[in-house]
Amino acid sequence: MKGLYLLIKPRFSGFRNQLVGSQNGKRKRVFLMSGLGLAFCGGMFTVSCRVLIYFQSAEMIGDVLARHLLSMIILTFFSLLVFSHIITALSNLYLSRDLELCHSAPVDVEELFISRAAFTVMDSSWMLIIFGLPVFMAYAYVYRPGPGFYFTVLHMNLAMVIIAAGIGILLTMVLVHVFPAQRTRDIIMLLTVLMMGALYLLFRFLRPERLVDPEAFFTVAQYLSALKAPQSSYLPTQWIMETIWGSLTGSKGGHLFEAALTWTTAAALVIINVWVARAVYFKGFSKSQEAKKRRVGGRRVLDLFAKYVTKPFREDLGAVISKDIRTFFRDNTQWSQLLLLVALVVVYIYNFTVLPLDKSPIRLDFLQNILAFLNMGLAGFVLAAVSARFVFTAISAEGEAYWIVRSSPLRLKRYLWGKYFSFLLPMLVLAEVLITLTNHLLGVSRFMMLLSSGTMFFMVFGIVALGIGYGALYPNFTSQNIAQVASGFGGVLFMIVSSLFIGMIIVLEAGPVYVVFISNVRGTPITAYQWILITLSFLAAFVINMMAIFWPMKMGLKALREYE
Amino acid sequence: MDMIKLIDLTKVYKGLRAVDNINLKVREGVVFGFLGPNGAGKTTTIKMMAGVLAPTEGQIVINGMDLAREPSEVKQCVGFIPDRPFIYEKLSGLEFLHFIAGLYSLNNSPSLRRRISELLELFELSHWQEELVGSYSHGMKQRLVMCAALLHRPRVLIVDEPMVGLDPKGSRLVKDIFRDQARTGTTIFMSTHSLQVAEELCEEIAIIQEGKIIAVGTGDGLKRQAGVDGNLENIFLKLTEGKRIAHERPLSSD
């Protein structure tokens with residue numbers, strides 16, 4: 001046990017040193033991130049409360065709906081926890097840089113495994129638990145249960161985390177044991193991304209919104225039976241849901257059997273994990289240290305693609321872009337995220353095909369205009385999210401090899417703008433496809449179609465510049481996993497600033513469009529004063545767009561020049 | 001002609017003067033050794049000379065050009081070899097060299113391909129050129145970085161700890177290449193911990209301690225300054241001992 005304590009201690013010491021010794025700037029970051037987290041929790045709590053209160057207003061089926069929602073939430077949390085544990089277990093158990101030191105130290109492999117499993121649980125669970133808390137508190141706010149509910153939520157969530165960790169870590173150990181060592185990381189990453197994409201698509205295509213629309217079912221009985229249908233009595237999520245629901249509604253006798261089943265499963269999984277770890281963990285670690293992949297396939301295709309893409313650029317920028325293309329497509333953890341992006345876009349477009357526009361009591365052309373504006377905002381947000389992952393990380397992607405660019409004759413300004421232009425075209429294509437396709441599905445007027453496409457076209461210039469600029473302002477050249485850079489402080493700040501930018505442009509355009517729409521409806525001409533307002537609005541939008549392009553690039557350039 | 005001039009060069013990190021008002025001149029075609037104990041400021045000086053780090057004060061003039069005013073022009077005639085060879089692991093060795101050629105605006109011509117092939121042959125990497133850099137050993141990566149630094153025929157080579165990670169054969173190869181480069185007029189500014197390497201290769205040596213240059217000159221000049229006879233190790237220890245606080249008691253006394 002002493003070994004276990006010693007193995008876990010550095011993590012806490014590092015965390016404490018970071019908190020105590022952090023400078024003013026770092027503390028500000030911590031405060032900003034905590035503030036954002038709290039705001040998100042508050043938002044989740046408010047939305048959850050509203051949904052539950054709305055359900056309560058529906059007699060007979062209100063409780064059934066709330067129970068079904070709880071079941072869906074627990075299932076979603078559980079799936080995300082399992083995926084999250086698979087990814088973090090891989091890095092904590094097999095890829096961390098300090099593992100060589102730990103394995104060479106005279107500590108028991110079982111203790112080493114348990115310490116790493118504990119890190120995995122800490123890394124994977126805190127976010128979901130924090131985001132889950134407001135949902136459970138919303139249930140407590142609406143149903144007013146006794147104090148026992150809070151205890152049940154606490155221990156059932158703990159059991160859920162242990163079970164998810166048990167499954168995730170066990171699966172990782174088996175995968176590392178089965179697959180060829182040098183491919184393990186790539187295969188697990190790819191499998192995880194594919195599974196997440198599939199789950200996301202499956203969940204969306206199940207059309208959960210139909211649960212609040214009884215008209216979609218033929219009879220009330222059919223609807224109720226669809227809601228009441230249990231997932232499976234063999235699933236731990238079902239036991240957890242039954243226990244929490246029982247405690248929430250104060251049903252007599254409680255659900256001791258389900259609670260006992262859950263905890264027995266958790267305990268059994270811990271023991272099985274330790275047994276399996278004794279047998280395969282060290283072998284797996286040893287395999288993961290073996291030589292990396294030496295040769296790559298599809299070189300000719302990549303050569304051709306890189307040659308075609310870099311044609312408009314001179315040798316220096318062409319070299320950087322060609323290197324970026326090769327690195328991106330050879331790193332399975334990078335390109336596989338494109339699949340998630342495709343899933344995101346498909347679901348976004350699919351949502352527009354199932355919009356019940358004909359059922360709305362609002363005038364159709366007015367509704368179409370409002371939705372077209374909303375669509376611009378949402379499409380802009382999708383683009384900002386995509387940029388956070390791919391554009392914002394473009395500078396950090398140089399990694400520890402950044403010295404090569406810095407010591408080369410390539411000017412930093414040219415380098416930064418080169419990165420900008422290499423992302424501009426694909427982002428423009430994505431933006432235009434998104435906006436025209438969704439507007440077509442909405443059936444908007446030709447004027448709105450032109451306005452939306454034009455606005456999106458110009459907004460992309462700003463979003464990409466914000467991505468590159470903020471990426472240069474907050475680079476992370478030492479990160480082992482480039483996907484994590486996007487969720488850091490700089491990435492969050494980029495998302496906030498780009499959302500504000502998108503919001504401002506849309507608000508500035510909404511006024512003039514409303515004036516034009518009303519004048520068309522009423523058949524009255526637009527006054528000179530209104531023309532002045534329209535011109536000023538579009539002028540302000542133009543100025544903001546220009547600022548969004550040049551200001552972050554300038555700041556980013558300054559930051560990169562001063563980077564040490 | 002002075003190929004490198006460091007004028008009042010200073011670097012301050014959060015109140016610590018890592019490099020403190022350095023003044024140095026290095027002539028063309030000279031192999032110049034830059035010695036000092038750990039943490040003396042060698043790597044910081046070298047990084048500033050390579051344009052990777054901005055000085056707090058002072059001036060760096062290479063080939064008659066000010067690095068702060070004409071960074072691209074200066075870097076065009078400099079080759080930099082850092083102590084740790086971090087390179088793009090998803091490129092093959094050959095692709096990496098083509099990438100470097102692009103950065104230095106070298107056309108993808110038959111002469112470039114010949115040059116790459118010569119360098120790969122010279123550094124014994126020809127058989128590995130199609131393999132991904134990620135699968136290279138530390139020494140191979142170091143040799144590949146050396147190929148990259150020599151690709152554009154630099155007039156100045158700035159090298160930080162060149163022998164780290166190299167086997168005896170690789171170390172001998174690098175020493176021979178540096179001598180050849182100096183013979184053809186390339187100026188080599190090299191930091192090293194290895195006094196033996198400095199003694200073998202360097203015509204002039206500077207010793208840095210706590211960010212300040214405490215001695216500069218040829219081997220004989222340094223002997224006179226230190227007032228000791230014998231090899232470079234004796235001179236180095238004599239010159240730096242005034243500041244030593246560690247090992248005052250022999251390690252074996254425990």
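Letters A, B, ... are given to chains in the order of the sequence lines, protein chains preceding strands, and every chain is numbered from 1. Note: hydrogens, waters and symmetry copies are ignored here, and every other heavy atom, side chains too, is used. The shown structure was predicted, so the numbers you read here are calculated from the model rather than taken from an experiment.
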**Request:** Search all heavy atoms of A:Ala319 against all heavy atoms of B:Gly102 and return the closest pair with its distance.
**Result:** CB-CA, 3.7 Å
**Request:** Sort B:Ile158 into side chain, backbone, both or neither according to what part of it lies under 4.5 angstrom from a heavy atom of chain A.
**Result:** neither
**Complete:** So, the part of B:Leu53 with a heavy atom under 4.5 Å from chain A: the answer is side chain
**Request:** With the side chain counted from C-beta on, respond yes when A:Glu315 and B:Asn107 share a heavy-atom pair under 4.5 Å apart, and no when they do not.
**Result:** yes
**Request:** Taking the side chain as every heavy atom from C-beta outward, state whether A:Glu564 and B:Tyr13 have any atom pair closer than 4.5 Å.
**Result:** yes
**Message:** What part of B:Val78 gets within 4.5 angstrom of chain A, counting heavy atoms only: side chain, backbone, both, or neither?
**Reply:** neither
**Request:** Taking atom CD of A:Glu100 as the centre, report whether more than 12 heavy atoms of other residues, nucleotides or ligands fall under 6.0 Å from it.
**Result:** no
**Where A:Thr327 and B:Lys90 come nearest, the two heavy atoms and their spacing** = CA-CB, 4.0 Å
**Message:** Is it the case that over 12 heavy atoms from other parts of the model lie below 6.0 angstrom from the CZ atom of B:Arg27?
**Reply:** no
**Request:** Test A:Arg411 against B:Glu70 for salt bridge (Lys or Arg N to Asp or Glu O under 4.0 Å), laying out the working first.
**Result:** CA-CA 10 Å; A:Arg411 287 176 196 276; B:Glu70 297 168 279; over 6 Å; no
**Request:** Give the intermediate values and the outcome of side chain to side chain contact (heavy atoms under 4.5 Å, CB included) for residues B:Glu89 and A:Glu400.
**Result:** CA-CA 11 Å; B:Glu89 306 233 320; A:Glu400 290 184 292; over 6 Å; no
**Prompt:** Does the A:Lys323 side chain pair with the main chain of B:Glu95, one donor and one acceptor, at a distance under 3.5 Å?
**Reply:** no
**Complete:** chain B shares the most heavy-atom pairs under 4.5 Å, among A:Gly399, A:Ser322, A:Gly318, A:Ser408, with A:Ser408
**Item:** Trace of the side chain to side chain contact (heavy atoms under 4.5 Å, CB included) decision for A:Glu398 with B:Tyr88
**Value:** CA-CA 8 Å; A:Glu398 298 293 343; B:Tyr88 303 102; 2.4 Å; yes
**Prompt:** In Å and rounded to the nearest 0.5 Å, what is the CD1 to CD1 distance from B:Ile100 to A:Ile404?
**Reply:** 5.0 Å
**Flag side-chain contact, heavy atom, 4.5 Å: B:Tyr104 against A:Asp316** = no
**Request:** Check the surroundings of atom NZ in B:Lys212: do more than 12 heavy atoms from other residues, nucleotides or ligands lie under 6.0 Å from it?
**Result:** no
**Asked** Among B:Ala50, B:Ala148, B:Pro82, B:Pro71, which has the most heavy-atom pairs under 4.5 Å with chain A?
**Response** B:Pro82
**Asked** Hey, does the side chain of A:Trp403 reach the backbone of B:Lys47 with a donor-acceptor pair shorter than 3.5 angstrom?
**Response** no
**Asked** What do you reckon, is CZ of B:Arg84 surrounded by more than 12 foreign heavy atoms closer than 6.0 Å?
**Response** no
**Complete:** Tightest non-hydrogen contact, residues A:Ser407 and B:Val52, listed as CB-CG2, 3.8 Å
**Fill in**
Note: A:Arg330 and B:Leu132 closest approach over all heavy atoms is NH1-CD2, 4.0 Å
**Request:** Tell me, out of B:Phe96, B:Tyr136, B:Phe80, who's got the most heavy-atom pairs with chain A below 4.5 Å.
**Result:** B:Phe80
